[in-house]
Enquirer: 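After the structure tokens below, expect a handful of questions from me.
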Number of protein chains: 4
Amino acid sequence: MTHRHIHRLRVAFGDCDPAQIVFYANYFKWFDTAALEFFRACGVPSWRELEASRGIIGAPLVNASARFVSPASYGDDLDVETSVADWRRTSFVMKHTIRRGDTLIVEGEETRVFAMHDTEVAGRIKAIAIPADLRALCERP
Amino acid sequence: MTHRHIHRLRVAFGDCDPAQIVFYANYFKWFDTAALEFFRACGVPSWRELEASRGIIGAPLVNASARFVSPASYGDDLDVETSVADWRRTSFVMKHTIRRGDTLIVEGEETRVFAMHDTEVAGRIKAIAIPADLRALCERP
Amino acid sequence: MTHRHIHRLRVAFGDCDPAQIVFYANYFKWFDTAALEFFRACGVPSWRELEASRGIIGAPLVNASARFVSPASYGDDLDVETSVADWRRTSFVMKHTIRRGDTLIVEGEETRVFAMHDTEVAGRIKAIAIPADLRALCERP
Amino acid sequence: MTHRHIHRLRVAFGDCDPAQIVFYANYFKWFDTAALEFFRACGVPSWRELEASRGIIGAPLVNASARFVSPASYGDDLDVETSVADWRRTSFVMKHTIRRGDTLIVEGEETRVFAMHDTEVAGRIKAIAIPADLRALCERP
């Protein structure tokens, strides 16, 4: 089981490019925002709190992909539906579906890890095993 | 055969997030910049000129993906190496490899089409068959 | 008299920089978003419709300024209060006040004009006299 | 006396908005980039190094303003000329002039302070007196 969370946003003028449609990198920004809103809705503490309490600096990306189905433009209200599609040992896959009403706009996936600063190499981060308590928070229906 | 183009950029402070590393959506922005610089280096006219002369408004995305191998941070000089990996009837695949010196940072692909405004549905765009002359420009060694 | 409009937004992780606070250029992006939401709330048609019906492509900036009073970070809910502080012949001044609860975060002003494409010089835009009907829409209490 | 530094950038497609011109908040992003390139050219250590060695987390903004003189669009090469126009006790004023060839595009100012984390209030930062050595680096001709 996994939680599903809907994050609503309105496309701003500055999110669009000279082709009058959303500049595509912004969809990945919104995936990231939706991912954080998903964690927040599940009761996962903010990265700020997790870094202070447990050294977990966040959930950086291993890979990300998106399929762009229909264009959107400024003034559109978009719903980003987010869930965790797969839990692995050190990584997990978040699925995002963006719709405007019933129209599918973008589908995407992010593979993420929970990360800490690497104490052996300054400036490096490393993945940790998925913390069971954080996973449990995300799996509550 | 295909052209290879290297686009160099320096990571700015504002490109990085509270984890001190590049906010991941920016890599897709840089893929797009590198794609345009690739076309420019090949002699493809700007979208502005192509829209005026032939109604081609650009090369919007069908899908995009990236694999994040090592983090980068502000002040880093990154090289984005871009080529066209595959030409299909109406779409083509651009491959981008981002390195800092010899260190692989990110690998990604974009599938794009050449698009015009749809004359039958206001606000819609549609893919056209790859224009042979634009493809030929990109295939010159 | 002038309308007042409140635009609420939540600061995203990707809006913040390595100092853990909102990267300052984003406040100007939010001024722009709040300006458009102000116009929308007043009943001003979208730039898309105004360009199609009257050739008005939008309300570009003449100048902009901001005073940064307190930092904000991701997860914060911010209210942007927007009004038109001054109407001149061809320009007008929008005032934006951003607060988190009772805490003042940022104050700013934008001077804007309504613009059309310049029919005499390709690629140039020019300011027009403030359209009386658009001003009237913004002045309704 | 003060140093002058020129930062060159090429406007990307994704920097522009549906009016086909640079989305205005990006000029402030480029002011920030030019400010950091100015410091780097003067020999000021990176914020990363200054935070590690002296607790100085950067040079956040007190206020910023810009006057938009001519529009620019994607493909344009812009030069940002940066200098420190005024040194005060805890703040300093950076001046940025953006040109495309001989054409003035944007003029702006940023008032900044050097900041440290406030040890008394978690999550707050505070300005410090301008470090004499950092100022001296910026004043070398």
Side-chain angles (χ1 to χ4, degrees), chain A residues 15-33 35-36 46-48 50-51 56-76 91 100 103 106-118 121-127, chain B residues 15-33 35-36 46-48 50-51 56-76 91 100 103 106-118 121-127:
Chain A
D15 296 325
C16 298
D17 65 25
Q20 315 289 325
I21 58 177
V22 172
F23 181 63
Y24 95 86
N26 287 320
Y27 288 113
F28 290 99
K29 179 174 195 296
W30 296 333
F31 286 173
D32 191 73
T33 302
L36 256 76
S46 79
W47 305 144
R48 200 184 292 110
L50 280 175
E51 183 168 8
I56 298 172
I57 60 169
L61 277 284
V62 175
N63 56 59
S65 64
R67 191 167 69 89
F68 308 99
V69 180
S70 300
S73 192
Y74 57 97
D76 287 355
S91 66
R100 182 186 54 231
T103 304
V106 173
E107 283 183 322
E109 284 191 354
E110 300 176 310
T111 305
R112 293 173 175 266
V113 295
F114 289 103
M116 305 180 70
H117 285 295
D118 192 327
V121 191
R124 295 282 312 194
I125 57 176
K126 60 173 183 184
Chain B
D15 296 325
C16 298
D17 64 26
Q20 315 289 325
I21 58 178
V22 172
F23 180 64
Y24 94 86
N26 287 319
Y27 288 113
F28 290 99
K29 179 174 195 295
W30 296 333
F31 286 173
D32 191 72
T33 302
L36 255 75
S46 78
W47 305 144
R48 201 184 292 110
L50 280 175
E51 183 169 7
I56 298 172
I57 60 169
L61 277 283
V62 176
N63 56 59
S65 64
R67 192 166 68 90
F68 307 99
V69 180
S70 299
S73 192
Y74 58 96
D76 287 355
S91 66
R100 181 185 56 231
T103 304
V106 173
E107 283 183 323
E109 284 191 353
E110 300 176 311
T111 304
R112 293 174 176 266
V113 296
F114 289 103
M116 304 180 70
H117 284 296
D118 191 325
V121 191
R124 295 282 313 194
I125 57 176
K126 62 173 183 183

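We name chains A, B, ... by the order of the sequence lines, and we start the count at 1 in each one. Worth saying up front: this structure is predicted, and the values here are computed from it rather than measured.
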Enquirer: Which one, Val62(B), Val69(B), Asn26(B), Thr111(B), leads in non-hydrogen pairs under 4.5 Å with chain A?
Expert: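 Among Val62(B), Val69(B), Asn26(B), Thr111(B), the one with the most close pairs to chain A is Val62(B).
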Enquirer: Quick one: of Ser70(A), Ala66(A), Ala25(A), Ala115(A), who has the most non-hydrogen atom pairs under 4.5 Å with chain B?
Expert: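 The option with the most such pairs is Ala66(A).
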Enquirer: Can you tell me how far CG of Asp17(A) sits from CH2 of Trp47(B), rounded to the nearest 0.5 angstrom?
Expert: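 Nearest 0.5 Å value for the CH2-CG distance: 11.5 Å.
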Enquirer: CD1 of Ile56(A) to CE of Met116(A): how many Å apart, nearest 0.5 Å?
Expert: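 If I round to the nearest 0.5 Å, the distance is 6.5 Å.
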Enquirer: Do Tyr24(B) and Tyr27(B) make the cut of ring centroids closer than 6.0 angstrom?
Expert: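 Ring centres of Tyr27(B) and Tyr24(B) not closer than 6.0 Å.
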Enquirer: Sort Glu110(A) into side chain, backbone, both or neither according to what part of it lies under 4.5 angstrom from a heavy atom of chain B.
Expert: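 The side chain, not the backbone.
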Enquirer: Name the option with the most non-hydrogen atom pairs under 4.5 Å to chain A; the candidates are Gly108(B), Ser65(B), Ser73(B).
Expert: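 Between Gly108(B), Ser65(B), Ser73(B), the count favours Ser65(B).
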Enquirer: Please assess Phe114(B) against Leu50(B) for the test side-chain contact (heavy atoms from CB on, under 4.5 Å), listing each intermediate value before the final yes or no.
Expert: CA-CA 11 Å; Phe114(B) 289 103; Leu50(B) 280 175; 5.5 Å; no
Enquirer: So what's closer than 4.5 Å to chain B heavy atoms on Phe23(A): side chain, backbone, both or neither?
Expert: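 For Phe23(A), the side chain is the part near chain B, not the backbone.
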Enquirer: Under 3.5 Å, side chain of Arg100(A) to main-chain N/O of Pro71(A), donor-acceptor pair present?
Expert: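 Here the side-chain-to-backbone pair exists.
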